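Single-structure report; data block below.
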Amino acid sequence: MRLKNFLTLTVFFISILFCMTVSAQDYTQWNLPDGAKARLGKGTITGNVEYSPDGSLIAVASSIGVWLYDAYTHKEIDLLQGHTEQVSIVAFSPDGNTLASGSWDDTIQLWNPYTSEHKTTLIGHKNDISSIAFSPESDILVSGSSDKTARAWDTDSGENLMIYGRHTGPVLSVAFSPDGLTLATGGGWQDYTIRLWDVKVGMQLNVLRKHIFGVYSVAFSPDGQTLVSGSADSTIRFWNPQTGENTATFTGYTDGFGSSVLDLQDGSLAVGHLRGVTSVVFSPDGQTLASASEDKTILLWDYAAGQPKATLTGHSGYVTSIAFSSDGRTLVSAGDDQNIQFWDSVTFQPKSTITGYIFSINEIAFSPNGQILASVDDGMAIHLWDTDTEELRNTLIGHEGRVFSVAFSPDGRTLASGGGNPDTTIHLWDVHTGHPKDPIISHRYGVESIMFSPDGNTLASGSWDRTVRLWDANTEELKVTLRSDRVYAVAFSPDSRTLASAGQDNAIHLWDVEKGEHRASLEEHTRPVDTVAFSPDGETLASGSRDRTIRLWDIQREQSDLILRGHTNRVKSIVFFPDGMTLASGSWDKTVRLWDTQTGQPQNTLTGHTAFINTLALSRDGSTLASGSEDGTILFWAFPPFIPERVEDVNRDGVVNIQDLVLVASNFGQTGQSPADVNGDGVVNIQDLVLVASGFDGG
């Protein structure tokens, strides 16, 4: 017995030391793909949150893997990666030795949660995994899938023991009875039933038919006498698992003024969940039932009395998952607001929050000096990241809908952002203070793309309302409205004289900025064009399309000279490197590809995102390529910095002299890209004069 206790303590302390060592590391560096130097954001919460049986760990299902946290400090411990798609569900075995994760990649991975060792992969389902549960003895794992089956697996050998296959829709939820003899499975679309099974022989024991929409969650009471189900139909139903009788129903509706009302008829109680019930779970002592809902609330119930005890509010989106700690004193919840919230289940007060998860990234942009990266997403916020520390510097709140586009002014002082309905204004922000400026009341529908001209005088916006609008960047007055089809992208030429727009009509349109007139249409793509970019010298335009190709156009001849093929899905973003010799493209095939712009040949393929890549951005010196994805992360990729010829030689005559100084002085105060901006900070000023003077050639 002493030896056993000694070994147990040894393993325990080793686990603590391991966790402390991993926690001390910067999680932005964990499990990076080849070529990447950092990751911003923890991804998107795509599944549930779960406590380990001993209460020491918390697992979170995310778009990029399974995050493990210290349950007491809430510090990141590890990121378990192995799935090729987002993780949809996690569960700890009752003995605490195994953590299971199910994914949209149709597989289940088994892990040692204390060493992060991968144990085995369970393969057999034909579609994504939506639910998993361990038997009380931890020897069997049952998984439910969108392939309309539930499967039982031997957790030691990985053998598929049984298939429970009578559902006519996806199996959204599974649960074992406390004695491990009965399995409950809840069906989704076109099914809506709960089926009870004999675990060992696979025989269907009963079908429970009362819900009218999908059964999101099922749970047995600790005494095994009651089965509880939560459904998309906004009800919580109680069942006798022996007879199949629906013994009570908790349902919510309003009096027309937004207040919940009580209805005690037919054993029903209207208690306040006004939308789908996503999760139901019992406290360890069985005295409290907790329910989470799409109505953004969590309800705590006195199970024996059948009365509500408290309503927990704080999430700004659907509450997707809840779990009790092993002592029952803490409830943790995950929401599609990308927050994990801890609650005191005795006082009903919020305790703390885990943040860092973000929505699908729609667009990113570097500030001119490269010190800030701005990102916008489906969460109605703009995030400003410090590119040196990889930490979130500020969050700008003001949009009332999804944010699609973001751009810095050439001097780096102003940030512009555009979004979708109901908020179609262009928001302007002071980058230094984070305070909003007066917005531009702009389009009728979503602003998909926005960009400042390199000279800083014009702001262009492209919209779903089939217009491109040019605004005076100083006065915010509308200069001209250019009519087109639905616009997905805009880009200025380096000299600010030409604007390219692309969109739904499969074409790229070139516009004379000064005259506000249409100049030409480039019409060789066969599907809508999502992205356009000018080369640094302005002689070439690149375009990426849903036809999976990139075309390089000669601007003077208005013809495409090269077609770059290789992506297997739409090309969503492209960017030229500073020397113009390399082009990077980001695609919905989850890859970033690098191309030789002279030959059209591929140079490299960067992989690591688990979902569509929507956006790319490049630092001014070309040393950092950033890619933003629907997996809720931004990856930084490292490249050798571009070192131009002597920047002090403003007129490029091979010598630094008084003529270069005169050129800087004559452009004094100019913003945007200019040879006179010697230090590349976006404005021609005294610092540029000093640099030229210090670079004077002898003699």
Side-chain angles (χ1 to χ4, degrees), residues 28 39-44 316-317 336-339 355-443 446-452 459-463 471 473 476 489-490 572-573 613-619 626-636 682:
T28 66
R39 178 191 296 110
L40 306 184
K42 298 178 182 177
T44 302
S316 59
D336 76 347
D337 58 4
Q338 302 308 311
N339 288 326
T355 61
Y357 298 94
I358 51 180
F359 294 88
S360 167
I361 305 294
N362 293 325
E363 190 165 53
I364 54 179
F366 277 103
S367 62
N369 63 13
Q371 296 177 0
I372 300 173
L373 182 81
S375 67
V376 296
D377 53 50
D378 287 350
M380 300 188 289
I382 301 162
H383 299 294
L384 301 183
W385 306 85
D386 188 302
T387 57
D388 290 328
T389 65
E390 287 104 30
E391 294 179 351
L392 185 63
R393 177 184 288 193
N394 202 354
T395 299
L396 310 181
I397 304 296
H399 281 276
E400 298 176 4
R402 299 166 63 194
V403 191
F404 297 130
S405 52
V406 65
F408 283 94
S409 61
D411 62 9
R413 298 174 183 173
T414 301
L415 187 75
S417 57
N421 294 346
D423 183 358
T424 59
T425 61
I426 297 172
H427 291 256
L428 299 175
W429 311 84
D430 184 301
V431 174
H432 177 67
T433 65
H435 294 157
K437 299 182 177 183
D438 291 337
I440 298 175
I441 308 302
S442 57
H443 295 274
V447 180
E448 180 81 6
S449 183
I450 195 165
M451 188 177 185
F452 283 94
L459 178 69
S461 56
S463 170
W471 310 85
E476 300 173 13
V490 294
K572 200 66 169 60
S573 185
I613 296 173
N614 285 330
T615 177
L616 299 176
L618 191 67
S619 60
S627 56
S629 167
E630 291 197 4
D631 64 16
T633 68
I634 300 162
L635 288 175
F636 281 175

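Just so it is clear, the structure is predicted and the values come from calculations on it, not from any experiment. What's counted below: heavy atoms across the whole structure, side chains too, no hydrogens, waters or symmetry copies.
- Distance check: Thr395 OG1 to Met380 CE gives 13.0 Å after rounding to the nearest 0.5 Å.
- Under the 4.5 Å side-chain criterion, counting only non-hydrogen atoms from C-beta, Trp385 is not in contact with Ile372.
- Here the shortest heavy-atom pairing between Pro410 and Phe452 reads CD-CB, 3.9 Å.
- Side-chain contact between Asn339 and Thr355 is present, with heavy atoms from C-beta onward closer than 4.5 Å.
- Contact check for Val447 versus Phe404: no side-chain heavy atoms found under the 4.5 Å cut-off.
- Ile450 and Leu459 get closest at one heavy-atom pair: CG1-CD1, 3.7 Å.
- Taking CD1 of Ile364 as the reference point, atom CG of Leu618 lies at 10.0 Å (rounded to 0.5 Å).
- Remark: side-chain polar atoms of Asn614 are not paired, donor with acceptor, to backbone N or O of Asn362 under 3.5 angstrom.
- Between Ile382 and Leu415, some side-chain heavy-atom pair lies under the 4.5 Å cut-off.
- In this structure, Glu390 CD and Arg39 CZ are separated by 11.5 Å, a value rounded to the nearest 0.5 Å.
- Residues Glu630 and Ile361 fail the side-chain proximity criterion, which asks for heavy atoms closer than 4.5 Å.
- Inspection of the Trp429 and Thr414 side chains reveals no N or O donor paired with an N or O acceptor under 3.5 Å.
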Exercise for the section: Report the C-alpha distance between Arg413 and His432 in whole Å, list the side-chain angles of each, state the deciding distance to 0.1 Å, and finish with yes or no for side chain to side chain contact (heavy atoms under 4.5 Å, CB included). Expected result: CA-CA 7 Å; Arg413 298 174 183 173; His432 177 67; over 6 Å; no
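- Using cut-offs of 30° and 60° for the angle between ring planes, the His443 and Trp471 rings count as perpendicular.
- The backbone N or O of Gly419 lies less than 3.5 Å from no partner atom in the side chain of Ser405, so there is not a single donor-acceptor pair.
- Glu363 has its side chain out of reach of Ser375: every pair of non-hydrogen atoms, C-beta onward, lies at least 4.5 Å apart.
- Counting only distance, with no hydrogens or angles, the side chain of Thr433 and the backbone of His435 share a donor-acceptor pair below 3.5 Å.
- Paired with Val403 under the rule side-chain contact (heavy atoms from CB on, under 4.5 Å), one option of Val376, Asp378, Leu396 passes, and it is Val376.
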Handout entry: Candidate pair Asp430 and Lys437, rule side chain to side chain contact (heavy atoms under 4.5 Å, CB included), full reasoning
Key = CA-CA 7 Å; Asp430 184 301; Lys437 299 182 177 183; 4.1 Å; yes
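- What you find for Ala374 and Leu384 is that their closest heavy atoms are CB-CD2, 3.7 Å.
- Atom CZ of Arg393 sits in a crowded spot, with more than 12 heavy atoms from other residues, nucleotides or ligands closer than 6.0 Å.
- Scanning both residues, Val490 and Ala460, for their nearest heavy atoms gives CG2-O, 4.2 Å.
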Practice task
Dump the intermediate steps for side chain to side chain contact (heavy atoms under 4.5 Å, CB included) on Thr425 and Ile440, then the final yes or no.
Solution key: CA-CA 6 Å; Thr425 61; Ile440 298 175; over 6 Å; no
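- Residues Thr633 and Leu40 form no side-chain contact, since every pair of their non-hydrogen atoms from C-beta on lies 4.5 Å or further apart.
- Between Gly401 and Pro422 the shortest heavy-atom distance is CA-CD, 4.4 Å.
- The shortest side-chain heavy-atom distance between Thr28 and Phe636 does not fall under the 4.5 Å cut-off.
- Note that the OG atom of Ser627 and the CD1 atom of Ile613 stand 5.0 Å from one another [nearest 0.5 Å].
- The two residues Ile397 and Ala381 have their closest heavy-atom pair at CD1-CB, 3.6 Å.
- Using a distance-only test at 3.5 Å, with no hydrogens or angles considered, a donor-acceptor pair links the side chain of Asp423 to the main chain of Glu400.
- Atoms CG and OG, on Asp377 and Ser360 in that order, are 7.5 Å from each other to the nearest 0.5 Å.
- Of the possible donor and acceptor atoms, none in the side chain of Thr44 sits under 3.5 Å from a partner among the backbone N and O of Tyr357.
- Separation of atoms CG (Asn394) and NE2 (His383) is listed at 10.5 Å; rounding is to 0.5 Å.
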